[in-house]
Amino acid sequence: MSEPTSENTEKPLNFLEQIISDDLQNGKHKNILTRFPPEPNGYLHIGHAKSICLNFGLAKKFNGKCNLRFDDTNPEAEDVEYVDSIREDVRWLGFEWAGEFYASDYFQKLYDYAEDLIKKGLAYVCDLTPEQFRECRGVPTQPGKESPWRNRPAEESLDLFRRMKAGEFEDGKYVLRAKIDMASPNLHLRDPAMYRIKRAHHHRTGDTWCIYPMYDFAHELSDEIEGITHSICTLEFEVHRPLYDWFLDALNTPHRPRQYEFARLNLTNTVMSKRKLRRLVEEGHVNGWEDPRMPTISGMRRRGYTAAAIRDFCERIGVAKRENIIDLALLEHCVREDLNQTASRAMAVLDPIKVVIENYPEGQTEWLEAANNPSDPQAGTRKIPFSRELYIEREDFMEDPPKKFFRLSPGREVRFRWAYFITCKEVVKNDKGEVVELRCTYDPATRGGDAPDGRKVKATIHWVCAQNGKPVQARLFDRFFLKENPDDVPEGMDFISNLNPASLVEKTAWVEPSLLEAKPLEHFQFERVGYFCADRDSKPGAPVFNRTVSLKDSYKPA
RNA sequence: UGUCCGAUGGUGUAAUGGUAGCACAAGUGACUCUGACUCACUUUGUCUAGGUUCGAAUCCUAGUCGGACAACCA
């Protein structure tokens, strides 16, 4: 009924929104075009999600568009498997790209641009080996030395460059360099490489090319070719910006994309480097990029994180230029908030202790009605079986309860959710003194969970019927897999030694029979336990549940 | 003993010379057929030192601390 949200309730613009808003207002641009430019050399992770939400979100907010561009200029590392996974992940996150492009689409144009630069005397073919050139480049505090090939005549460079392309030389024999400034305090301007000879099979262009452009040459020109207005990247490219602009100036291109940088996402207890994630996969510490413990988009999807939650998270973390480490608790909060509204409730017992209802008829089973989501009547109800022998969670019973423990203990009455009020009469132990069974009674008048006489209980606990309940595999993941924050690991120590061995515990859980019908990637809240998601690879009748995130527990034993 | 970038509660992020706000986290209480959710309340902050100004988180100067940069990776 209320009016659409007006200006006064709008969030203040972040610095990128401000820049775009200004550009639009002062007429610098009529339409904006952004791009998300991953290299297809790995799977996307939560850090990429920030960039995706930024680029697509900015475009959407200002009625512009966003391209998906694969920055595939280094064929050695790249593969179609990664292209496919990236497309799937971006789409799953809820974004549609205006155009799908590949830097490799522009290889010919880029080559032509490179010839232009050579003809203008702004690029030259250099014979130096990487080691020799490193020597010339020097250190930031001292000017470098010029390559002896720097002033090679343009015709000679052009000839060599054409022969590089024609495949006349072995890999690494020559490199094409931009002729900029060997004395610049910015090392990236000390005659950076533009092209290298590399005989590698490219996943799109095959063996057409044996020379490939470097990022610094390809990126701003790809932006230019597509007509990108705002080229948004992470902070480590800040020092590349003068180069970005240099190439555009040198070629006097019709479009002038601008590069803006933001601080990348860091998450507590989370590996966020593609290089390290690749190691986890290649060394077999995890089961592939889509392992539910991985902070990859596909891993989180499989674990049960929702796209809406990830988008919300990216919105909440904001964007700025200062280094940051976001508390994982915020991500988990976003996941809980989304799942709380959408996930069906179910009862499951992870660590069972048997309960026998002494005054309940042997052999009888009754089917009780339970709401699928009490806060959402639309979610409907389901039937759950109840009989004389049940399982409850071991931690929901204490023989000698402290003051603030409200759940089951000898002599105390609690509610079994959707069922009856139950009173514990007797504790049965084994030789070792461990509790193995609880003898209880029920009050038939409290069927469904309400006492006609109006008496109250302090706690409601979950349970599963021992006869009709079903065992399933439940994977209890810890919060990703680092024991400590990446920053807290001592210098020089391998991050592998920081992996959390408790990050995956598999155990048998007892669940309502209806859960055997769970569909892959279907979400549930196991009441009072946590949010779970049927595994992507689950089979009907035998699902495996991954724990997405625990419920918050406000009871803390003293 | 270089260049560039940055610095606001525990963690993030606003305030664009005029009341330091919001979220997460933490704590207290209320409610509850989930000790969840929800609701109410509370604790905690402008790196330092100078300067400009009626007034500075914001502008200036110096310092301190943190980060990035020396692939034929992106």
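Sequence lines set the chain letters: A, B, ... in the order given, protein chains first and strands last, and positions in each chain run from 1.
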Expressed as a whole number of Å, how far does the C1' atom of B:A25 sit from that of B:U16?
29 Å

Any A:R134 side-chain N or O less than 4.0 Å from OP1/OP2 of B:A71
yes

Quick check on B:U13: is either OP1 or OP2 less than 4.0 Å from any side-chain nitrogen or oxygen of A:K11?
no

Would A:R69 count as a cation-pi partner of A:Y106, with NZ or CZ less than 6.0 Å from the six-membered ring centre and within 45° of the ring normal?
no

Donor-acceptor side-chain pairing of A:Q525 and A:E527 below 3.5 angstrom
no

Check: B:U13 base within 3.5 Å donor-acceptor of A:R316 side chain
no

Would you say B:C24 has OP1 or OP2 under 4.0 Å from some side-chain N or O of A:H333?
yes

Is B:A71 in the syn range, within 90° of 0, or in the anti range?
syn

A:I232 vs A:E261 side-chain heavy atoms within contact, under 4.5 Å:
no

Less than 3.5 Å between a donor and an acceptor, one on the side chain of A:H240 and one on the base of B:A74, is that the case here?
yes

Applying a 3.5 Å limit to both distances, which nucleotide forms a Watson-Crick or G-U wobble pair with B:U48?
B:A62

Check whether A:T205 reaches the backbone of A:H202 with its side chain - one donor and one acceptor, N or O, closer than 3.5 Å.
no

What is the separation between atom CZ on A:F70 and atom P on B:C73, rounded to the nearest whole Å?
21 Å

So, OP1 or OP2 of B:C65: does either fall under 4.0 Å of a side-chain N or O from A:R322?
no

